[in-house]
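When reading the values below, keep in mind they use all heavy atoms of this one structure, side chains included, and skip hydrogens, waters and symmetry mates.
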Amino acid sequence: MNTTIRIKLSIMMFLEFFIWGSWFVTLGTFLSSNLHASGSETAAVFSTQSWGAIIAPFIIGLIADRYFNAEKILGILHLIGAFLMYQMYVSDDITFFYSYVLGYMILYMPTLALVNSVSFNQMNDPEKEFANIRVWGTIGWILAGLSISFLFHWDSAEGVTQGLLKNTFLLAGIAAFILGIFSFSLPKTPPKVAATEKIKIGDIIGLDALKLLKDKNFAVFFISSILICIPLAFYYQNAHPFLTEAGVENPTGKMAIGQISEALFLLLIPVFFARFGFKKTILVGMLAWAIRYVLFAYGNGSELSFMLIIGIALHGICYDFFFVSGQIYTNSKAGEKYKSAAQGLITLATYGIGMLVGFGVAGWITDNYKTLDGSIDWKMVWIIPAGIALAVFILFALLFNDKTKSEKEIAAV
């Protein structure tokens, strides 16, 4: 890969995740402060991510992989996305806003696979080269959060009161427009499948990988993956509104600590796998979810603010030790025949089904733990997902008995 292509791919990845980080982190606070959305309405908006994840494989499998170059459809999707972002920026009604977000997420979620496809197509050794490109996506997300807090101050107490969080959609829309135009200059990535070749729906959503569920340990892992996404949804949906209400200064910028942690702990996964194996590594990730929510439940924005910061910093362990380790485990169990199908099935189960249920539960809990003055009992909102995470931890610890430390698992890291 020459230097020009490397720079182009890095810019592409940076913008891809800058866009997402520009608006998704502050979405919960925007919905409650600007649109006065209820918990269930907020859950419905956040669940558009899950619907996008469910529909994305069909867009990629039935359209992108068969008829168009990946870089061209990437550009088209982001240009349409920029228009929808502008509609979200000017919208002041939750019903219309929901329809715009739904349309946007259906278009955006497929681009996550498209940027990977464009990148891999230019690499001779993806296992060594991809991380150096993908890290720019994490940097993009972090810079978006830092900009909102420390450059524009849209998430300050005064900024939230003045409704300035709507500007996040304008920022994301501008970035989406730039990436849309830029995408047409990316290296050509032609379709992988002939337009005349027959594709089964089961291939697209990974149904062939259901055969892996005959293995009791993989079935336990699969079910645990769905269940752990319920507490995960609480974080995405409620963390920013909670930090804002708790009086934490620059909450968006401080939530970027989670992405920094994610990048750092990713480096420790090979060490944990080699020393402790898959089960102990993934159990650490599950336990971290319970601990972080207990910290949120009993911390505050003043003298105990360090508890909230620690809770945010645990994101790296929560995400990497469970989800990244789970992807590695799935890869090792699936074998060459079902490798892609298995990863597709896990993605559908977690970001699709698991998160969809999780957002609904989080919205219901938030609505049902409001006090008489309309404020939210955040302690209970966090204790409940902590309990769910702990229950999944116990379930997995008792039922998962794969004692073999697969050399393939370690080699796959």
Any sub-3.5 Å donor-acceptor pair from [X]'s side-chain atoms to [Y]'s backbone N or O?
| X | Y | result |
| --- | --- | --- |
| K279 | A397 | yes |
| T252 | N250 | no |
| S325 | F322 | no |
| S149 | L146 | no |
| S91 | M88 | no |
| N34 | G163 | yes |

When the aromatic ring centroids of [X] and [Y] are compared, is their separation below 6.0 Å?
| X | Y | result |
| --- | --- | --- |
| F272 | F321 | yes |
| F46 | Y236 | no |
| F242 | W382 | yes |
| W141 | F18 | no |

When rounded to the nearest 0.5 angstrom, what distance separates [atom1] in [X] from [atom2] in [Y]?
| X | Y | atom1 | atom2 | answer |
| --- | --- | --- | --- | --- |
| W289 | R292 | CH2 | CZ | 5.0 Å |
| F234 | I230 | CZ | CD1 | 8.0 Å |
| L15 | T111 | CG | OG1 | 11.5 Å |
| S261 | I312 | OG | CD1 | 10.5 Å |
| L143 | W136 | CG | CH2 | 10.0 Å |
| M105 | I54 | CE | CD1 | 12.0 Å |

Going by distance alone, is a donor N or O of one side chain under 3.5 Å from an acceptor N or O of the other, for [X] and [Y]?
| X | Y | answer |
| --- | --- | --- |
| H78 | E16 | yes |
| T26 | H240 | no |
| S10 | R6 | no |
| T29 | S33 | no |

With sequence neighbours excluded, residues passing side-chain contact (heavy atoms from CB on, under 4.5 Å) with S119: L9, M12, M13, M123, F130, I133
Evaluation steps, side-chain contact (heavy atoms from CB on, under 4.5 Å), between L114 and L77: CA-CA 10 Å; L114 288 170; L77 292 178; 3.8 Å; yes
Does the plane of the ring in [X] sit parallel, tilted or perpendicular to the ring in [Y]? Use 30° and 60° as the thresholds.
| X | Y | value |
| --- | --- | --- |
| Y86 | Y89 | tilted |
| W154 | F152 | parallel |
| Y319 | H315 | parallel |
| F97 | F169 | perpendicular |

CA sep, side-chain torsions, deciding dist, call: Y104, W23, side-chain contact (heavy atoms from CB on, under 4.5 Å): CA-CA 12 Å; Y104 180 81; W23 69 280; 3.8 Å; yes
Identified ring pair (Phe, Tyr, Trp, His ring centres under 6.0 Å) partner of F400 from the options F278, F222, F393, F221: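 Looking at F278, F222, F393, F221, the match for F400 under the ring pair (Phe, Tyr, Trp, His ring centres under 6.0 Å) is F278.
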Worked check of side-chain contact (heavy atoms from CB on, under 4.5 Å) between F359 and S50: CA-CA 9 Å; F359 286 131; S50 298; 3.9 Å; yes
Test side-chain contact (heavy atoms from CB on, under 4.5 Å) applied to F184 and L79, step by step: CA-CA 11 Å; F184 293 98; L79 288 175; 4.0 Å; yes
